[in-house]
Protein chains: 2
Amino acid sequence: MTATHKGRSLDRQMNTKSKAYEEVLGEIRKFISKNELSSGDKLPSERELADQLNASRSSVREALRALELLGLIETRRGEGTFLKVYRPYHTVGLLSAFILQDPNVKKDIILTKNIIEKEATKIASSQLKQEDMQKLLSILENNELDEKQRHYNFFMVIFQHTENNLMQRIWQLMEDFSYTMEEIGYNKQFYIDLIEILNTNQQESIEYLFEKLSR
Amino acid sequence: MTATHKGRSLDRQMNTKSKAYEEVLGEIRKFISKNELSSGDKLPSERELADQLNASRSSVREALRALELLGLIETRRGEGTFLKVYRPYHTVGLLSAFILQDPNVKKDIILTKNIIEKEATKIASSQLKQEDMQKLLSILENNELDEKQRHYNFFMVIFQHTENNLMQRIWQLMEDFSYTMEEIGYNKQFYIDLIEILNTNQQESIEYLFEKLSR
DNA sequence: ATAGTTGAGTGGTCAGACCAATTTTTAGCG
DNA sequence: CGCTAAAAATTGGTCTGACCACTCAACTAT
């Protein structure tokens with residue numbers, strides 16, 4: 001009875017029965033790395049992808065829509081699909097509406113974010129120049145920024161001097177999640193102290209300053 | 001009822017010309033909050049949603065797939081779609097996979113992983129009991145483990161005492177990625193020293209021990 | 001009462017058809 | 001030859017309808 005059996009070409013085992021759109025996701029990732037695409041570059045069209053990956057256009061679209069919602073790609077009707085600079089703020093609103101208030105997750109995010117900020121500051125401390133300090137000060141003095149924006153901009157400057165993109169991305173993501181929840185600590189004095197420490201190059205005090213936040 | 005005019009029922013303004021799947025996303029969110037659904041609860045079927053939201057099943061699926069990729073829902077063929085406990089870990093993993101295309105992220109991974117291991121150790125240090133120390137020792141003495149496995153098992157014990165799932169998840173992810181690249185540092189003496197430090201409760205030395213690795 | 005069958009419901013995937021916006025090509029004119 | 005305007009091709013956006021594979025509950029025959 002032949003059992004036609006046409007499903008995905010490669011379900012090497014039963015255990016890896018991934019869905020079509022997940023495989024498409026993986027293939028797109030491979031394609032990006034193989035061709036060394038970066039933000040702004042164009043991806044093949046949906047029809048082309050479907051053809052090359054041996055999947056239907058619907059499946060390809062499911063993968064692309066998911067990527068779009070995550071903010072990794074941008075699609076322009078009539079033009080195509082493009083890689084995007086990852087900017088988190090977009091997805092948050094939607095996400096937070098779905099997220100149930102799990103206090104454990106909240107605590108993890110705050111703690112981990114705090115650690116990453118501390119380490120980033122330690123790394124960046126030797127790289128910050130006088131103009132960077134000026135930039136940090138002007139962020140503090142800019143009264144048009146609310147607390148969240150101030151924090152984000154402040155540490156954005158710092159992360160840019162860590163030369164560690166991965167850490168910055170992880171941080172941005174957590175910043176994103178914590179955007180909707182009331183942050184703890186981080187009063188204005190914290191930033192002032194931090195700038196002072198950076199100015200006088202007392203790197204050992206960074207640890208101490210951040211430690212105070214956790215309590 | 002007029003019935004003609006079939007485009008999206010509500011494009012409140014021209015400026016908010018959202019796509020169908022985005023509106024579906026919003027409608028699903030409303031549905032969830034209106035019916036006070038929480039994790040484990042079942043969503044209407046795809047066909048039902050398509051019908052109620054006046055959209056095609058394709059559009060509904062694009063929205064659902066995006067939610068699934070975000071880790072907000074879970075689908076079981078033959079059963080239905082269910083709300084899931086939200087875990088940011090999933091998203092972190094997903095994003096990282098796309099971020100790691102950059103060739104010089106290798107360095108970033110090693111550095112970041114190192115930082116996380118250090119901080120996790122500091123956090124866990126006060127939680128580790130005598131039996132845990134015994135476990136760590138036995139991992140070191142198990143000659144059936146290769147370097148990678150030893151490292152993984154060793155820190156897995158430590159991360160289990162941090163009570164920070166997010167951090168552990170991030171670490172595991174980076175472990176995965178670094179699996180194919182030759183690791184630096186981490187000779188056997190490192191673990192021995194670390195155990196000694198933990199035994200004698202010299203938490204200040206943790207920082208120093210890890211610092212040596214980076215050079 | 002039990003075991004086996006059947007059928008309805010659900011997600012997974014696909015093919016094909018239009019529409020709408022944009023780009024590229026072509027045709028036409030000066 | 002050069003420019004502009006129309007036509008064609010390309011691309012994303014949406015919808016319809018069709019199967020398949022899987023799950024579960026109702027039904028049936030033993």
Side-chain angles (χ1 to χ4, degrees), chain A residues 1-11 13-28 31 40-69 71-84, chain B residues 3-11 14-28 31 40-69 72-84:
Chain A
M1 34 61 75
T2 99
T4 58
H5 164 269
K6 66 168 310 218
R8 295 289 70 246
S9 15
L10 21 68
D11 295 34
Q13 316 287 349
M14 278 306 283
N15 55 44
T16 59
K17 50 166 186 177
S18 51
K19 303 176 187 177
Y21 90 95
E22 285 173 339
E23 292 201 7
V24 172
L25 229 32
E27 293 299 324
I28 292 178
F31 180 88
D41 290 338
K42 191 171 176 300
L43 286 176
S45 74
E46 296 179 350
R47 291 169 177 85
E48 217 169 312
L49 279 173
D51 200 49
Q52 288 181 19
L53 306 184
N54 194 26
S56 73
R57 202 182 147 208
S58 326
S59 296
V60 170
R61 275 188 65 82
E62 289 182 6
L64 289 179
R65 258 5 83 208
L67 287 182
E68 187 179 59
L69 189 66
L72 292 168
I73 62 172
E74 181 184 4
T75 54
R76 295 199 285 273
R77 171 187 273 179
E79 299 182 54
T81 305
F82 304 84
L83 278 188
K84 218 170 82 173
Chain B
T4 58
H5 163 271
K6 66 176 297 241
R8 295 289 67 249
S9 12
L10 19 70
D11 296 37
M14 277 305 284
N15 56 45
T16 60
K17 50 168 186 176
S18 50
K19 303 175 187 177
Y21 89 96
E22 286 173 337
E23 293 203 5
V24 172
L25 232 29
E27 293 300 323
I28 293 178
F31 179 89
D41 289 340
K42 191 170 176 303
L43 286 176
S45 75
E46 297 180 350
R47 290 169 178 85
E48 219 169 310
L49 279 173
D51 199 49
Q52 289 180 18
L53 305 184
N54 193 28
S56 73
R57 198 180 150 209
S58 330
S59 296
V60 170
R61 275 188 63 84
E62 290 183 7
L64 289 179
R65 255 8 81 206
L67 288 181
E68 186 179 59
L69 194 61
L72 293 168
I73 61 171
E74 179 185 5
T75 54
R76 296 199 284 271
R77 171 187 267 176
E79 299 183 53
T81 304
F82 303 84
L83 277 187
K84 220 169 93 172

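A note on names: the letters A, B, ... follow the listed sequences, proteins ahead of strands, and every chain is numbered from 1.
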Looking at D:dC15, D:dG13, C:dG12, which one has an atom nearest to any side-chain atom of A:R65? D:dG13
Rounded to whole Å, how long is the line connecting atom CD of B:E62 with atom P of C:dG12? 14 Å
Starting at CD of B:Q52, measure out to CG of B:N54 and round the result to the nearest 0.5 Å. 11.0 Å
A side-chain contact here means heavy atoms from C-beta on lying under 4.5 Å apart; do A:L83 and A:L72 qualify? no
Which pairs, protein N/O on one side and nucleotides 6-11 of chain D N/O on the other, fall under 3.5 Å?
unit_1, atom_1, unit_2, atom_2, d
D:dT11, O2, A:G78, N, 3.4

Expressed as a whole number of angstroms, how long is the span from B:K19:NZ to C:dA20:C1'? 13 Å
Round to a whole Å and report the spacing from CG of A:D51 to C1' of C:dA15. 13 Å
Please examine the side chains of B:R61 and B:E46, heavy atoms only from C-beta on, and report whether any two atoms are closer than 4.5 Å. yes
Spacing of A:R61 atom CZ relative to C:dC18 atom P, expressed in whole Å: 18 Å
What I'd like to find out is whether the side chain of B:V24 reaches to under 4.5 Å of the side chain of B:L49, using heavy atoms alone. no
B:Y21 has an atom OH; how far is it from atom P of D:dC15, in whole Å? 14 Å
Between B:R57 and C:dG11, is there a contact of a side-chain N or O with OP1 or OP2 at under 4.0 Å? no
Partners passing side chain to side chain donor-acceptor pair (under 3.5 Å) against B:T75 (at least two apart in sequence or in another chain): A:K19, B:E68
Rounding to an integer number of Å, can you tell me how far A:L53 CG sits from C:dT13 C1'? 15 Å
Looking across every strand, which nucleic acid part, if any, lies under 4.0 Å from A:S58 by heavy atom: base, sugar-phosphate, or nothing? base
CD of B:E23 versus P of D:dT14: gap in Å, rounded? 9 Å
Kindly indicate whether the side chain of A:L69, heavy atoms from C-beta on, has any atom under 4.5 Å from the side chain of B:L69. no
Let me know the distance between CG of B:L49 and P of C:dT10, rounded to the nearest Å. 11 Å
A:S59 side chain near C:dC14 phosphate (N/O to OP1/OP2, under 4.0 Å): yes
Work out which heavy atom in A:A20 is nearest to a heavy atom in A:S59; give both atom names and the distance. CB-OG, 3.8 Å
